Amino acid sequence: MAPIVLSISHDVKNRIGFRTEKSRQGGTAMETRKRHRQKEDYQLRTHMIHGNFDSKNWDYDHHVVPPVSHTTAYRLSSLERGARGFVNFASADERLSGHIPIYIYDRLDEPTRSMLEENLAYAHGGDICVTFATGMAAISAALGAALRQGQEVLSHEIIYGCTYSLMTNWLPRNGVKVRFANFLNPGTLGEKITPETRVLYFETPINPTLELIDIAAIRRAADKANARRDEKDKVLVIVDNTFATPFCQKPLRLGADLVVESLTKGLGGFGTDMGGAVVAPKEWYGSLMLYRKDFGGVLSPQSAWGVLVYGLPTLATRMINMQKTAQRVAEFLASHPKVESVSYPGLKSFAQKALARRQMFTSNGTFAPGSMMYFVLKGAKSKHTRAEKMVDYLAKYAYCVTLAVSLGQIKTLIEHPWSMTHSALPDSQKRAFGMHPEGIRLSMGLEDWHDIIRDLELALEKV
Ligand SMILES: *Cc1c(COP(=O)(O)O)cnc(C)c1O
């Protein structure tokens with residue numbers, strides 16, 4: 001029997017690669033302990049709570065909650081170990097080998113972040129994950145790693161405002177062309193793909209209208225173009241999965257090459273920290289890690305820890321409850337005489353109901369329409385729209401519906417996209433993209449659903 005060596009320093013030593021009493025005796029307790037079920041036999045929801053407590057990134061077999069590490073540099077016990085750390089950095093094979101990593105410097109790699117990355121990759125069914133300081137840093141890295149000068153991004157025409165700015169203001173400076181097309185008609189995409197097209201980029205559900213883009217159909221368009229291309233020029237499908245989270249949608253399983261996600265929203269879940277992630281096949285690990293090292297947008301260990309111990313473990317529970325509330329709120333709004341239309345993938349009246357069921361589901365196949373909705377009020381004849389009045393009334397008087405940007409938090413958030421998040425777009429373009437001045441975006445929280453409906457009902461009475 002392996003001797004029990006229990007001290008805090010044991011874990012720390014084991015993590016950074018000292019050969020401990022236990023490892024000399026033939027592996028960690030986890031390796032010698034026989035499990036009565038394979039880990040993969042447990043539901044994703046259970047996985048997100050436990051993660052890998054025998055993680056090679058940090059063996060916390062003797063903790064209940066994974067620890068957070070704060071050190072910018074790592075003590076190297078020999079020159080040989082230091083040299084090996086540099087050689088192994090950014091190697092996917094090394095990362096996935098099961099060897100205990102050699103950490104050198106926070107910006108290169110760090111254990112708390114690594115534990116989160118293991119769990120996020122698992123949640124998406126991807127090989128690897130690389131996290132970043134924000135969602136935008138993750139999107140910049142995915143595009144930066146994928147694109148060379150002379151190549152082109154073909155993007156859906158409605159995307160997150162800062163992603164649009166990145167594509168129109170910054171990528172062209174590096175000689176990357178950007179064109180926009182309507183991905184809601186994937187059948188017409190083939191003719192828009194040119195020999196320069198390297199990336200097909202979109203979000204689904206779309207912000208703010210909650211329309212869906214068919215990930216598998218975009219994959220088919222990419223495959224058709226790729227039949228005549230070399231590996232290095234293949235068209236890549238990159239999906240921003242922020243609205244759905246991996247609980248509701250796993251784009252890699254539906255044909256995406258890379259997934260980008262803001263951890264600031266539903267994955268973080270509590271509105272306390274920013275973060276972003278790219279999940280991808282292992283071939284992408286090296287370039288994403290080098291990009292992060294050199295551009296420097298690393299996720300801080302403290303922020304990673306929050307997502308690891310609060311965000312991911314509660315994701316399923318939060319989503320399940322938010323979806324129940326969202327369904328009730330959407331049905332309430334749809335039946336209200338002052339409401340023109342409601343766009344929520346869970347509604348019977350949702351225009352893309354069949355597609356919603358094809359691509360938004362949990363690991364065990366349950367339909368998962370998410371926690372976001374968009375609704376349009378019947379117009380009022382006055383200077384301000386009814387939507388502006390309603391949002392303003394809620395901001396001033398409601399207790400449980402908060403006027404704020406961002407989404408996916410435990411608090412219900414409301415905003416008016418026409419005058420706020422999408423105000424930079426010309427009105428004609430907003431209309432062409434399906435937005436309406438009377439449209440309101442709602443991000444469901446965890447409050448009692450009666451309270452949310454009552455706040456909305458009182459506001460609707462006043463406008
Ligand atoms: C918020 C958001 C982002 C950017 O994430 P940050 O963490 O704020 O940088 C990207 N895409 C979508 C769809 C978002 O909602």
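Residues take their numbers from the sequence shown, with the count starting at 1. Predicted model, so just to flag it, every value in this text is computed and none were measured. Computed over heavy atoms, backbone and side chain alike; hydrogens, waters and symmetry mates excluded.
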Could Lys293 and Asp109 be called an ion pair, given the rule that one side-chain N must be under 4.0 Å from one carboxylate O?
no
Any salt bridge between Arg219 and Asp257, counting N to O under 4.0 Å?
yes
Would you tell me whether His99 and Glu94 have side-chain atoms, one donor and one acceptor, within less than 3.5 Å of each other?
yes
So among Glu415, His422, His416, which one has a side chain to side chain donor-acceptor pair (under 3.5 Å) with Ser419?
His416
Phe332 and His336 aromatic ring geometry - parallel, tilted or perpendicular at 30°/60° bounds:
perpendicular
Cation-pi, Phe350 ring and Arg357 (6.0 angstrom, 45 degrees)
no
Donor on one side chain, acceptor on other, His436 and Glu340, under 3.5 Å:
no
Do the ring planes of Phe183 and Phe202 sit parallel (below 30°), tilted (30 to 60°) or perpendicular (above 60°)?
tilted
Is Glu331 paired with Arg328 through a side-chain N to carboxylate O contact shorter than 4.0 Å?
no
Salt-bridge contact Asp392-Lys396 (side-chain N to carboxylate O under 4.0 Å):
yes
Do NZ/NE/NH1/NH2 and the carboxylate oxygens of Glu438 and Arg386 come within less than 4.0 Å?
no
Establish, for the pair Lys430 and Trp418, whether the NZ or CZ atom is under 6.0 angstrom from the six-membered ring centre and no further than 45 degrees off its axis.
yes
Is it true that Lys192 and Thr197 share a donor-acceptor pair across their side chains at a distance under 3.5 Å?
no
Hydrogens and angles aside, do Gln43 and Thr46 bring a side-chain donor and acceptor to less than 3.5 Å of each other?
no
Any carboxylate oxygen within less than 4.0 angstrom of a Lys/Arg side-chain nitrogen, looking at Arg228 and Asp233?
no
Would you mind checking if Lys234 and Glu283 are paired as a salt bridge, meaning a charged N to carboxylate O distance below 4.0 Å?
no
